[in-house]
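Reading through the structure tokens given below for one structure.
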Amino acid sequence: MSPIAHALSASLIAVTFAQVSPGETPYLAVALISATAVDLDHVVYLIRDRALYRRIGYTGQLHRARSPLHELAGLLLVGALCALVFAFDPKLAQVIFIAFAVHLTQDWVLGKSHPLTPFDNTRIEFFALTVRQKILIDVIVVLLSGALWTIYLAVRL
């Protein structure tokens, strides 16, 4: 999914489950950041391996541009960080962990993943989606999440 789809959907799920009110702007910002920060690892690999991507193309290949933080190791690391944060601000820990975990879950279910990297490089793919199908899912997620964000912000004010 695109960073926009991740940002809108994973952050909305996080703030809903953590019972964040629309006026709690710092939590909303953290939710958006946590839902998208994991994708920063793509930038490093895309720059480093730009010759490869010029040759094979970028479309449908971003699963190759992931660090171990984009897999189970990242979830465990963020979980440990959130356990520390929980001692000071339980709601913040929930927002960070849920947004991050939902993003990874979306990637694992809808894309290609190596969940046990760096210990096991077995690739999993639950659905063999075409690029067109992935774009359609992205558009639906963005539209639905945008509508739900609008309702969330309007109803709770």
Side-chain angles (χ1 to χ4, degrees), residues 1-49 53 58-115 117 124 126-127 129 131-157:
M1 290 177 38
S2 72
I4 294 168
H6 283 305
L8 291 174
S9 61
S11 63
L12 180 63
I13 292 168
V15 298
T16 300
F17 275 94
Q19 299 180 340
V20 174
S21 71
E24 295 178 289
T25 307
Y27 291 111
L28 300 178
V30 167
L32 288 166
I33 292 166
S34 297
T36 55
V38 69
D39 278 341
L40 291 175
D41 65 349
H42 291 312
V43 176
V44 174
Y45 287 93
L46 291 173
I47 292 170
R48 187 192 73 188
D49 301 331
Y53 289 106
Y58 293 93
T59 305
Q61 301 297 331
L62 284 183
H63 67 280
R64 298 174 188 269
R66 286 186 181 160
S67 72
L69 295 179
H70 215 108
E71 305 295 353
L72 187 58
L75 190 60
L76 294 173
L77 181 65
V78 168
L81 170 71
C82 288
L84 296 173
V85 172
F86 190 84
F88 302 100
D89 190 342
K91 188 184 283 191
L92 180 62
Q94 289 175 1
V95 168
I96 293 169
F97 185 78
I98 294 169
F100 191 89
V102 168
H103 176 132
L104 289 185
T105 302
Q106 290 169 336
D107 282 350
W108 295 345
V109 171
L110 296 175
K112 299 170 187 163
S113 181
H114 299 87
T117 298
I124 62 166
F126 291 109
F127 305 102
L129 299 172
V131 172
R132 182 179 231 166
Q133 289 169 323
K134 288 182 179 185
I135 291 170
L136 180 60
I137 290 168
D138 252 18
V139 169
I140 291 168
V141 167
V142 167
L143 292 174
L144 183 59
S145 297
L148 291 172
W149 263 109
T150 302
I151 293 167
Y152 168 81
L153 293 171
V155 170
R156 296 208 174 172
L157 287 176

* Asked: Quick one: are Leu75 and Phe97 in side-chain contact, heavy atoms under 4.5 Å?
  -> yes
* Validation row: Trp149, Val15 side chains within 4.5 angstrom (heavy atoms) -> yes
Please give me the minimum heavy-atom distance between [X] and [Y], naming the atom from each residue.
| X | Y | answer |
| --- | --- | --- |
| Trp108 | Phe126 | O-CD1, 3.2 Å |
| Leu153 | Pro22 | CD2-CB, 3.6 Å |
| Ala14 | Ala99 | CB-N, 3.6 Å |

* To do: Apply the test side chain to side chain contact (heavy atoms under 4.5 Å, CB included) to residues Val20 and Gln94: give CA-CA distance (whole Å), side-chain angles for both, the deciding distance (0.1 Å), then the verdict.
  => CA-CA 10 Å; Val20 174; Gln94 289 175 1; over 6 Å; no
* Structure fact -> Residues at least two apart in sequence or cross-chain that pass side-chain contact (heavy atoms from CB on, under 4.5 Å) with Val142, listed by chain then number, are Ile4, Ala5, Leu8
Straight-line distance of [X] [atom1] to [Y] [atom2], nearest 0.5 Å:
| X | Y | atom1 | atom2 | value |
| --- | --- | --- | --- | --- |
| Leu148 | Leu143 | CG | CG | 11.0 Å |
| Asp39 | Asp107 | CG | CG | 6.0 Å |
| Ile13 | Ile98 | CD1 | CD1 | 9.5 Å |
| Leu110 | Thr105 | CG | OG1 | 10.0 Å |
| His6 | His103 | NE2 | NE2 | 3.5 Å |
| Phe100 | Ser11 | CZ | OG | 14.5 Å |

* **Result of checking Ile137, Leu144, Asp138 against Val141 for side-chain contact (heavy atoms from CB on, under 4.5 Å)** => Ile137
In residues 28-37, what donor-acceptor pairs under 3.5 Å come from side-chain atoms, sequence neighbours left out?
unit_1, atom_1, unit_2, atom_2, d
Ser34, OG, Val30, O, 2.9
Thr36, OG1, Leu32, O, 3.0
Thr36, OG1, Ile33, O, 3.4

